[in-house]
K.L.:
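This structure is in structure tokens; I'll ask about it shortly.
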Amino acid sequence: MTAFQTTHAFSGFSVDDIDAARSFYGDTLGFDVTTNAMGFLDIHLPDGGSILVYAKPNHTPASFTILNFPVDDIDAAVDELNGRGVVTKIYDDSEFATDEKGILRGAPDRGPDIAWFTDPAGNVLAVMSAA
């Protein structure tokens, strides 16, 4: 195939407040965030690629995890996020019971350790053990 190219693919999602998103992804999480010609945000990923963030007046938060961050030490990552004002989601149901830090401890049949949190628009993000 020559017409369909995958080399510059990117993902995107909506938010209800572009300024709050710029602050959260740039200042709180530390991404390089720029505003493009259309007024949308481009989040530049350290390993290449980007994510488009656009304001949508009738935004509804995604009901699934839109962005995952693999980390070497999930406890340290959660502590650092909490120190930056990010609150991890505490689940207390039988399927997703998390500990007091908001970490679901993995197992061979459950996957890696993972902790969820939201951006200011309510979209779900996660940090997860890379190992």
K.L.:
Is a salt bridge present between Arg105 and Asp99, judged by a nitrogen-to-oxygen distance below 4.0 Å?
P.N.:
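Looking at Asp99 together with Arg105, the answer is yes, because their closest N to O distance falls below 4.0 Å.
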K.L.:
Which atom pairs, donor and acceptor, lie under 3.5 Å between side-chain atoms of residues 37-44 and protein residues at least two apart or in another chain?
P.N.:
from, atom 1, to, atom 2, distance (Å)
His44, NE2, Thr34, OG1, 2.8

K.L.:
Going by the rule side-chain contact (heavy atoms from CB on, under 4.5 Å), which residues pair with Ser11 if we only count those two or more places apart in sequence or in a different chain?
P.N.:
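side-chain contact (heavy atoms from CB on, under 4.5 Å) check on Ser11 returns nothing, list empty.
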K.L.:
Same cluster or not: Leu52 versus Val15, using hydrophobic residues (I, L, V, M, F, W, Y) connected whenever any side-chain heavy atoms lie under 4.5 Å apart?
P.N.:
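No, Leu52 and Val15 fall in different hydrophobic clusters.
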K.L.:
Please answer: with hydrophobic residues joined when any side-chain heavy atoms are less than 4.5 Å apart, are Ile66 and Ile114 in the same cluster?
P.N.:
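Cluster IDs for Ile66 and Ile114 differ.
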K.L.:
Is it the case that one hydrophobic cluster holds both Val86 and Val33, taking links as side-chain heavy atoms less than 4.5 Å apart, direct or via other members?
P.N.:
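As far as the 4.5 Å side-chain criterion goes, Val33 and Val86 are connected within one cluster.
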K.L.:
Does any pair with a residue in residues 56-79 pass ring pair (Phe, Tyr, Trp, His ring centres under 6.0 Å), and if so which ones, sequence neighbours excluded?
P.N.:
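Every pair satisfying ring pair (Phe, Tyr, Trp, His ring centres under 6.0 Å) with a residue in residues 56-79: Phe31-Phe69.
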K.L.:
With sequence neighbours left out, write down each residue that passes salt bridge (charged side-chain N to carboxylate O under 4.0 Å, His left out) with Asp27, or none if nothing qualifies.
P.N.:
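Not a single residue meets the salt bridge (charged side-chain N to carboxylate O under 4.0 Å, His left out) criterion with Asp27.
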K.L.:
Do you reckon Leu67 sits in the same ILVMFWY cluster as Ile74, going by side-chain contacts under 4.5 Å, direct or chained?
P.N.:
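Yes, it is one cluster - the side chains of Leu67 and Ile74 are joined through contacts under 4.5 Å.
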K.L.:
For residues 121-131, which residue pairs pass the salt bridge (charged side-chain N to carboxylate O under 4.0 Å, His left out) check, not counting sequence neighbours?
P.N.:
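Listed by first then second residue: nothing to list.
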K.L.:
Please output the side-chain donor-acceptor pairs of residues 115-131 that fall under 3.5 Å, not counting sequence neighbours, one pair per line with the distance.
P.N.:
from, atom 1, to, atom 2, distance (Å)
Trp116, NE1, Thr65, OG1, 3.2
Asp119, OD1, Ala121, N, 2.9
Asp119, OD1, Gly122, N, 3.0
Asp119, OD1, Asn123, N, 2.9
Asp119, OD2, Tyr25, OH, 2.8
Asp119, OD2, Asn123, ND2, 3.2
Asn123, OD1, Ala62, N, 3.0
Asn123, ND2, Ser14, O, 2.9

K.L.:
Heavy atoms only: give me the nearest Val53-Ala21 pair and the separation to one decimal.
P.N.:
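Heavy atoms only, the tightest pair is CG1-CB, 4.3 Å.
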K.L.:
Output all residues satisfying salt bridge (charged side-chain N to carboxylate O under 4.0 Å, His left out) with Lys101, sequence neighbours left out; order by chain, then residue number.
P.N.:
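Partners of Lys101 under the salt bridge (charged side-chain N to carboxylate O under 4.0 Å, His left out) test: Asp75, Asp79.
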K.L.:
Taking ring-ring contact (aromatic ring centres under 6.0 Å, His included) as the definition, give me every residue that meets it alongside Phe10, ordered by chain and number, with sequence neighbours left out.
P.N.:
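None.
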K.L.:
Quick check: are there more than 12 heavy atoms from other residues, nucleotides or ligands sitting under 6.0 Å from CG of Asp47?
P.N.:
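Count not over threshold, so no.
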K.L.:
Just so I know, are the side chains of Ile103 and Thr88 near enough to count as touching, which here means a heavy-atom distance under 4.5 Å?
P.N.:
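No - every pair of side-chain heavy atoms lies 4.5 Å or more apart.
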K.L.:
Excluding sequence neighbours, so at least two apart, what forms side chain to side chain donor-acceptor pair (under 3.5 Å) with Asp32?
P.N.:
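For Asp32 there are no side chain to side chain donor-acceptor pair (under 3.5 Å) partners, ignoring immediate neighbours.
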K.L.:
Do Asn82 and Val87 have side chains that get closer than 4.5 Å, going by heavy atoms?
P.N.:
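In short, these two side chains do not touch, never coming nearer than 4.5 Å.
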K.L.:
Check side-chain contact (heavy atoms from CB on, under 4.5 Å) between Ala107 and all other residues, then give those that pass, not counting sequence neighbours.
P.N.:
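Residues passing side-chain contact (heavy atoms from CB on, under 4.5 Å) with Ala107: Asp109, Arg110.
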